[in-house]
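Lettering of chains follows the sequences in order, A, B, ..., and the numbering in each one begins at 1.
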Number of protein chains: 2
Amino acid sequence: MPFPRILTLTLPSPYEGEGFHTRAIFGFDVLGTNGWKVMLTASIEDYIKAIYALEIEDRKASTKKLAQRLDVRMASVTGMIKHLASEGYVKHMPYRGVHLTERGRRVALDLVRRHRLIELFLSRTLALTWDELHADAEVLEHAVSDSLIERIYEYLGCPEFDPHGSPIPRKDGSVAPQPGVPLDQFPIGAKGTIAEVSDQDPEFLRYLTKLKLAIGSIIRVRERAPFNGPILLDSGSETIAIGHDAASRIRVHSGRAGGRRKSHN
Amino acid sequence: MPFPRILTLTLPSPYEGEGFHTRAIFGFDVLGTNGWKVMLTASIEDYIKAIYALEIEDRKASTKKLAQRLDVRMASVTGMIKHLASEGYVKHMPYRGVHLTERGRRVALDLVRRHRLIELFLSRTLALTWDELHADAEVLEHAVSDSLIERIYEYLGCPEFDPHGSPIPRKDGSVAPQPGVPLDQFPIGAKGTIAEVSDQDPEFLRYLTKLKLAIGSIIRVRERAPFNGPILLDSGSETIAIGHDAASRIRVHSGRAGGRRKSHN
DNA sequence: CTATTTTATTTGGCTATCCTAATTTTTCTT
DNA sequence: AAGAAAAATTAGGATAGCCAAATAAAATAG
């Protein structure tokens, strides 16, 4: 903590005349074991988080999709990408999209951790639903100090998963393995338990509620239509048809209730 | 809510050539009855809060003190003051310091409200002390949405006072009257109850703890030395001497435990 | 009441982040 | 494979908030 993070140095200028100032950032160990980390702007963090999300969805992050997601112009994205690349958070092949480096991935996972812990904390204490507090969590993840996050983590009982079954990245950057397999790949005829709903879109969650599906529901896949068609499954005494896209966002593990459970209590 | 707050307009230019852009802010009713308010930057809010605090301490806010408190240079303060004056948050007489307008006072009170509610919420839920979470509250007061603040307010049971006895400004900008009178003006010989400790400096609070004084303590002023000298008082079975400065930060109300109490439960 | 010191302001610059418009590269269509 | 459309980049500017240095006003000391 008492370690200097950003120093302004006066170095001899390569040009004639007097020295010039430069900003040296001693932050090699970005998210760290050292107990300190480089302070990033909210803007930079948002870009890194968006790149992380797009890499999961599309395998790469394109300038256009980033611009849409962040609600800025493509020119701004290109500019920021260059900056992120120069700082070592992403690899950029011009006209080919960006990918996070390990360093960037660390930052993204830290943000996911913060986001999920804040969301969980506020929903527990204030009894608010996900969509009521998502916008706040989005802002607060940049603002809350590390020490407060750790305190919240303890308060919640050091959870490994959030209420939707998604893992909460650990402080060291490791992530608990996802329980189960996507519903659209679950073997036909087998019985399974819904372990995770990877999407947090409130409308999608409402849809699932209408189908009476939730984390912990026991289901059996009855039939899968070809060409990414709907999937027929038994849940309780009912038979449900669910689209392929929706099914791919649900993870199921076999057996009754084993595997890892949501938060811990 | 669906009311536009900030519009970018293209107006005819007063100079030759084409039109120019301007930012029109429809925020006359700054903190308001309308359910919406103008979004201010964290920086602006910090200046307004600092001016508010300095006006209470010194009757006016000087450029120098603001610079010290905000940890910026005086040139930056002058610049921001001009901006705040142009937006109607402060009255500025050059070389004479600044004063908040009613509009600025509203903003400051809203920030105090947010700050105290966040602090109270975090200390209740996470069992942290004031000095552990002050820094976070300082940041979060700018970040938390109005709706979340209201939810926190309800969760806490709509408190009128914080744990130190300071009133929490109401949403409409009104403030509950301070209970009691400053200890240095309390009549000699009278019995009273400590109602408020207006300062939140952790060292000051530790000092009071050492003297075994806290909100609710019953005391009797025994003697007041002249020329702002120390004040002698009885508390329980002990006799305590307390400096004039410290005494002025403590408010006492007469009687045993009447008046308003800290939060409500 | 003048000289010095302190406080405040002005001027000119810097960086981060965004923008529009123009240009270049890639991809799609036929 | 050529031309059109889409995606990405570059170039040039704007704004907010900060700073250092120069200047101006007010306060203070002799």
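- Between the CE atom of B:Met39 and the NE2 atom of B:His142 there is a distance of 10.5 Å, given to the nearest 0.5 Å.
- The CD atom of B:Glu45 sits 15 Å away from the C1' atom of D:dG17 (whole-angstrom rounding).
- If you measure from atom CE of A:Met93 to atom P of C:dT26, you get 10 Å, rounded to the nearest angstrom.
- One interatomic measurement links the two molecules: CZ of B:Arg69 to P of C:dT7, which rounds to 16 Å at whole-angstrom precision.
- The distance from atom NZ of B:Lys64 to atom C1' of C:dT5 is 11 Å, rounded to the nearest whole Å.
- A centroid separation of less than 6.0 Å is found between the aromatic rings of A:His134 and A:His115.
- Between the P atom of D:dA16 and the CE atom of B:Met39 lies a distance of 16 Å, rounded to the nearest Å.
- Among the heavy atoms of the strands lying under 4.0 Å from B:Thr63 are primed sugar atoms or P, OP1, OP2 only; no base atom is included.
- Ion pairing of A:Arg69 with A:Glu57 is present here, as a side-chain N (NZ or NE/NH1/NH2) and a carboxylate O approach within less than 4.0 Å.
- Mapping A:Ile44 and B:His92 onto DNA chain C via the closest heavy atom, the residue that lands nearer the 5' end is B:His92.
- Relative to the ring axis of B:Tyr153, B:Arg113 places its NZ or CZ within 45° and under 6.0 Å from the centre.
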Nucleotide N/O to protein N/O under 3.5 Å, stretch nucleotides 26-28 of chain D:
| from | atom 1 | to | atom 2 | distance (Å) |
| --- | --- | --- | --- | --- |
| D:dA26 | O3' | B:Arg96 | NH2 | 3.3 |

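- Ionic pairing of A:Glu102 and A:Arg105 is present here: one or more N-O contacts between side-chain nitrogen and carboxylate oxygen are shorter than 4.0 angstrom.
- Rounded to an integer number of Å, the gap from CG of B:Leu84 to P of C:dT9 is 13 Å.
- For the pair A:Thr41 and C:dT17, the criterion of a side-chain N or O lying under 4.0 Å from OP1 or OP2 is met.
- With values rounded to the nearest 0.5 angstrom, A:Ile168 atom CD1 is found 5.5 Å from A:Leu120 atom CG.
- B:Asp184 and B:Arg224 are not joined by a salt bridge, as no carboxylate oxygen comes within less than 4.0 angstrom of a charged side-chain nitrogen.
- Summarising the geometry, the separation between CG on B:Leu40 and C1' on D:dT15 is reported as 16 Å, rounded to the nearest angstrom.
- Inter-residue side-chain proximity for B:Tyr89 and B:Ile51 is flagged as unmet; no heavy-atom pair is nearer than 4.5 Å.
- Salt-bridge check for A:Asp245 with A:Arg249: failed, with every basic side-chain N at 4.0 Å or more from each acidic carboxylate O.
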Polar atom pairs (N or O), protein with nucleotides 18-21 of chain D, under 3.5 Å:
| from | atom 1 | to | atom 2 | distance (Å) |
| --- | --- | --- | --- | --- |
| D:dC18 | OP2 | B:Tyr47 | OH | 3.3 |
| D:dC19 | OP2 | B:Arg73 | N | 2.9 |
| D:dC19 | OP2 | B:Ser76 | OG | 2.7 |
| D:dA20 | OP2 | B:Arg73 | NH1 | 3.4 |

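- Between A:Lys82 atom NZ and C:dC18 atom P there is a gap of 16 Å when expressed in whole angstrom units.
- Proximity of B:Ser62 to the phosphate of C:dT7: no side-chain N or O atom is located under 4.0 Å from OP1 or OP2.
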